[in-house]
Trainee: 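Questions regarding the structure given below will be posed in turn.
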Amino acid sequence: MKRYDPQAIEDKWQAVWDETKLYAASDSDPREKYYYLVEFPYPSGDGLHVGHVRSYTALDIMARHKRMQGFNVLYPMGFDEFGLPTENYAIKHKIAPQAATAANVTTFTRQLKEIGFSFDWDRQVHTSDPSYYRWTQWIFLQLLQAGLAYQDEISINWCPFEKTGLANEEVVDGKHERCGTPVEKRFLKQWLLKITAYADRLIDDLKTVDYLDRISSQQINWIGRSHGAEITFKLRNVEGETDDRIAVGVYTTRPDTIFGATFLVVSPEVVKTWIDAGWKASDEVQNYVTNAMNKAELERQEEKVKTGVDTSIKALNPISGEEIPVWVADYVLGSYGTGAIMAVPAHDERDFEFAAKYKLPIVRVIDGGELPYSGPGKLVNSGDYDGLEGDPARHQIIEDLVAKDAGQGATKYKLRDWVFSRQHYWGEPIPIIHCPKCGVVPVPVNQLPVELPLVESYEPTDTGESPLAAMTDWVNVLCPKCESPAKRETDTMPNWAGSSWYYLRYADAHNDRAFADPEKLKQWTPVDLYNGGMEHTTLHLLYSRFWHKFLFDQGLVPTAEPYAARRSHGMILGPDGAKMSKSKGNVINPDAVIVKYGADSLRLYEMFMGPFDETTAWSDEHLSGVNRFLYRVWTLAQVLMSEGDRTVDPQAEVIQSEIFATEVDRATHKTLKKVHEDITAMHFNTAVSALMEYINFLNEPKRRASFVLAANRDLADRTIRSLVLMLAPFTPHIAEEIWQDLGEPESVHIQGWPKYDPELIKEDLVTIVVQVNGKLRANLVAPIEATEAELTDLAKADERVAKYLADGEIVKTVVVPRKLVNFVVKTS
RNA sequence: GGGCGGGUGGUGGAAUGGUAUACACGGAGGACUUAAAAUUCUCUGCCGCAAGGAUUGUGGGUUCGACUCCCACCCCGCCUACCA
């Protein structure tokens with residue numbers, strides 16, 4: 001009997017699939033398209049992670065399943081190559097990032113092929129390839145032209161370890177999310193992209209796509225839209241005079257509490273602009289502001305006790321007419337709203353704390369619970385507005401503010417513009433030339449790509465300039481407009497640039513005249529199903545939606561949203577239940593798993609380990625169970641296929657009847673239905689369970705022996721075929737091998753998916769559960785069409801039930817046809 | 001503090017109003033073997049010798065019937081956070 005040798009058959013078939021380009025998607029195929037996308041990997045030196053495998057296997061199964069159902073499926077793969085780990089590795093080992101990337105891509109490619117994913121390798125995308133980033137640069141120039149890219153001298157998050165500016169999204173807990181270094185503040189001239197211009201659409205259009213709820217809500221949260229009012233308080237300086245240099249509006253979501261505003265708080269950032277404008281601050285205010293501005297984010301966040309200084313400025317409440325003091329305090333952020341608030345200590349916890357500390361008045365204006373009370377309620381102590389409820393009060397006050405020209409309704413967002421400059425070598429050069437005469441000049445499109453020059457040192461500098469600045473040959477150019485000496489922009493793009501549009505390039509990966517042909521975009525986009533990690537929800541996913549919407553507005557892509565559906569896989573933890581990390585030594589290497597068990601086992605285990613979207617810990621023991629299952633499948637296949645020796649083992653007890661065939665076919669079709677539905681719903685773990693149950697059923701010794709009978713030849717044949725077809729999406733190699741052993745000349749992966757026959761799975765007998773007062777007392781088997789009366793009689797007749805009915809009165813009988821009978825009994 | 005998940009045997013988990021614990025792991029015992037591994041068979045959530053009983057984080061509710069629906073609370077995970 002032929003032995004199961006996973007590694008041998010996997011190598012063999014991978015070579016065949018590669019050579020025959022079995023999974024290449026055709027642009028001219030008239031069948032309905034389906035586009036599955038997984039996040040392309042960053043080719044780090046660590047190699048493929050089992051987390052990649054989980055995501056890629058899931059969509060590989062769906063892609064294979066859809067292909068078998070006759071769809072023209074696109075399931076592409078590429079590499080997100082720019083990024084700091086590669087640069088750091090290159091610096092440390094003194095090799096070019098290009099070389100390090102090439103080596104890592106080779107490893108990743110080998111690993112991906114060894115798992116047998118059905119990617120269309122002809123459409124590979126490499127973000128660091130000039131033929132690709134040419135178009136990344138081109139899109140940037142379109143953004144620039146549309147006024148969505150701009151330069152600004154801003155205080156940015158600066159990572160002192162990697163010596164680069166960071167986007168907000170990359171700062172976690174005041175630390176750089178990748179290297180953990182506390183982030184500092186620096187003032188640098190940076191390129192920014194106006195993602196805030198798309199804030200509303202990025203929220204509102206979520207209604208038009210099918211994203212996992214937690215993904216949508218996380219994006220909505222991150223964008224942080226709130227509705228309120230912007231209110232102008234007239235300011236008077238110490239002398240009681242108005243001063244043009246000091247002015248501020250405040251933003252509040254609770255204009256209804258305006259009578260409770262007992263002071264104003266302005267952020268140090270705003271006060272600094274006053275000082276810069278020439279306003280004379282007291283030494284105390286001056287010091288406080290300087291101090292606060294020098295603090296790193298982390299320090300400011302860590303302060304538990306609020307501090308502040310009275311500026312001696314007075315503000316006039318436009319509604320109540322009251323004069324209140326203006327304070328500066330760093331618990332108010334310069335970067336949100338207007339950078340100033342009206343403090344309502346009675347109804348805001350932070351203001352309450354501050355007022356208590358500095359002995360500022362606290363006035364209740366909303367009827368409700370204990371102070372500080374931030375809930376809803378009727379207005380009190382609010383002059384003419386007393387008695388109004390929150391919503392009408394807010395509307396009325398905003399109306400009155402508008403009438404007095406002292407404010408209006410306003411919508412604010414937490415989302416900030418995307419800091420798009422990095423002071424690093426290993427990224428797309430920003431295609432800009434700075435001319436002393438003409439200013440910012442875009443590199444003419446026909447001169448794209450602006451290629452990264454080879455440099456001697458990739459070390460970032462401390463000056464806030466990228467290493468490219470040292471490349472004078474490259475930096476010094478003539479201005480494309482006036483031909484006077486000019487300099488290239490030396491900052492590069494963040495690593496999120498290339499990934500913001502790569503899914504479009506898959507539609508037309510080799511186009512050198514456009515980022516993609518409009519017809520091909522129409523053919524393939526949008527992505528029908530996109531799967532990726534939750535950690536990209538507020539980074540890559542949001543950025544790429546933004547770019548896509550921009551391209552849509554430019555008429556360059558056919559849809560307003562890039563991804564029709566987005567799903568996310570759960571994290572795989574180490575066997576110890578902790579997040580996998582090199583330092584903890586709990587990293588599972590897929591290569592080792594393949595060497596020991598084979599790729600099919602790896603794939604099947606990752607699907608079986610638990611619900612696809614939930615976090616689960618790795619277990620080698622559970623993996624070996626799946627491996628055993630595949631050996632059982634193999635052995636069973638040998639039995640079902642055995643040709644020459646179809647005699648009965650005289651010792652074996654066999655079933656040789658029509659009932660046997662009916663029973664087997666029914667099991668087959670039930671499994672077909674279950675597996676089909678579970679793949680569609682991404683319930684891969686239960687699909688695998690169903691296959692296991694099916695194998696257990698077929699493998700029962702009596703059945704196994706019966707399959708070998710000459711009379712059951714056809715039954716055995718159709719059973720093994722259905723089994724192999726069902727397994728094909730999950731474990732493509734073993735399925736292909738058995739399919740070939742069945743004498744089939746063509747690949748199993750281009751066969752039609754076997755449809756289940758609803759007639760076949762109809763049962764004529766069902767198990768009826770009999771309960772007394774809701775407690776299970778008996779099971780009985782009854783014909784499926786039995787009436788309520790018949791079921792009641794059958795149930796009453798059962799001695800196990802009768803016992804409980806004897807000493808009481810049946811007050812009610814509940815019958816659910818095909819399912820149960822429940823007697824409600826009252827004992828006297 | 002806010003948002004989103006989740007809590008079921010020794011373990012991963014199944015069941016979305018109708019037999020709780022499918023499937024798998026682990027464990028126990030048997031067969032095969034000189035032996036071990038592998039394989040294979042039987043048993044295996046808890047208490048109880050058994051009959052039986054209790055049981056899905058806790059407490060309450062709706063229902064003939066609740067892991068499932070509703071209310072309150074406790075715990076865990078992820079995301080986010082002086083966002084006014």
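Proteins come first, then strands; the chains are lettered A, B, ... in the order of their sequence lines, and each starts at number 1.
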Trainee: When you measure from the centre of the six-membered ring of A:Phe697, is the NZ or CZ of A:Arg703 closer than 6.0 Å and no more than 45° off the axis?
Mentor: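 Pair A:Arg703/A:Phe697 counts as cation-pi.
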Trainee: Using a cut-off of less than 4.0 Å, is there contact between a side-chain N or O of A:Lys775 and OP1 or OP2 of B:rU55?
Mentor: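 For B:rU55, OP1/OP2 do not have a side-chain N/O of A:Lys775 under 4.0 Å.
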Trainee: Could I get the full list of side-chain contact (heavy atoms from CB on, under 4.5 Å) partners for A:Val825, not counting sequence neighbours?
Mentor: A:Val772, A:Asn773, A:Leu805, A:Ile810, A:Phe823
Trainee: Would you say A:Lys803 reaches B:rA51's phosphate, i.e. side-chain N/O to OP1/OP2 under 4.0 Å?
Mentor: no
Trainee: Taking pairing as Watson-Crick or G-U wobble with both contacts under 3.5 Å, can you name the mate of B:rA15, or confirm there isn't one?
Mentor: none
Trainee: Need the pair for B:rC4. Rule: Watson-Crick or G-U wobble, both distances under 3.5 Å, any strand; none if unpaired.
Mentor: B:rG77
Trainee: When the nearest nucleotide of RNA chain B is assigned to A:Ser217 and to A:Met571 on a heavy-atom basis, which residue is associated with the more 5' position?
Mentor: A:Ser217
Trainee: Salt bridge or not for A:Arg566 and A:Glu39, using N-O below 4.0 Å?
Mentor: yes
Trainee: Write down the partner of B:rA35 under the Watson-Crick or G-U wobble criteria, each distance required to be under 3.5 Å.
Mentor: none
Trainee: Could you label the plane-to-plane angle of the A:His569 and A:Phe612 rings as parallel, tilted or perpendicular, counting under 30° as parallel and over 60° as perpendicular?
Mentor: tilted
Trainee: What I want to find out is whether A:Glu353 reaches A:Lys306 closely enough, with some N-O distance under 4.0 Å, to be called a salt bridge.
Mentor: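 Answer for the salt bridge query: yes.
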Trainee: Salt-bridge test for A:Lys796 and A:Asp793: reply yes if a basic N is under 4.0 Å from a carboxylate O, no otherwise.
Mentor: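 A:Asp793 and A:Lys796: not salt-bridged.
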Trainee: Using whole Å, report how far CZ of A:Arg54 lies from P of B:rG12.
Mentor: 14 Å
Trainee: Could you encode protein contacts along nucleotides 15-25 of chain B as a string, one character per nucleotide from 5' to 3', using B for base contact, S for sugar-phosphate-only contact and - for no contact, with a heavy-atom cut-off of under 4.0 Å?
Mentor: S--BB--BBSS
Trainee: Please give, in whole Å, the distance from B:rC4 P to A:Ile223 CD1?
Mentor: 16 Å
Trainee: With nearest nucleotide decided by heavy atoms, which residue, A:Asn773 or A:Glu349, maps closer to the 5′ end of RNA chain B?
Mentor: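 Checking each residue's closest nucleotide, the 5'-ward one belongs to A:Glu349.
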Trainee: Salt bridge check: are A:Asp613 and A:Arg567 linked by an N-O gap of less than 4.0 Å?
Mentor: no
Trainee: Please state the P separation for the pair B:rU56 and B:rG10 - nearest whole angstrom.
Mentor: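 These two P atoms come out 14 Å apart once rounded.
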Trainee: Any N/O pairs under 3.5 Å between the protein and nucleotides 69-74 of chain B? List them or say none.
Mentor:
none

Trainee: Side chain of A:Val824: nearest nucleotide among B:rC64, B:rA84, B:rC79?
Mentor: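 Out of B:rC64, B:rA84, B:rC79, the nucleotide with an atom closest to A:Val824's side chain is B:rC64.
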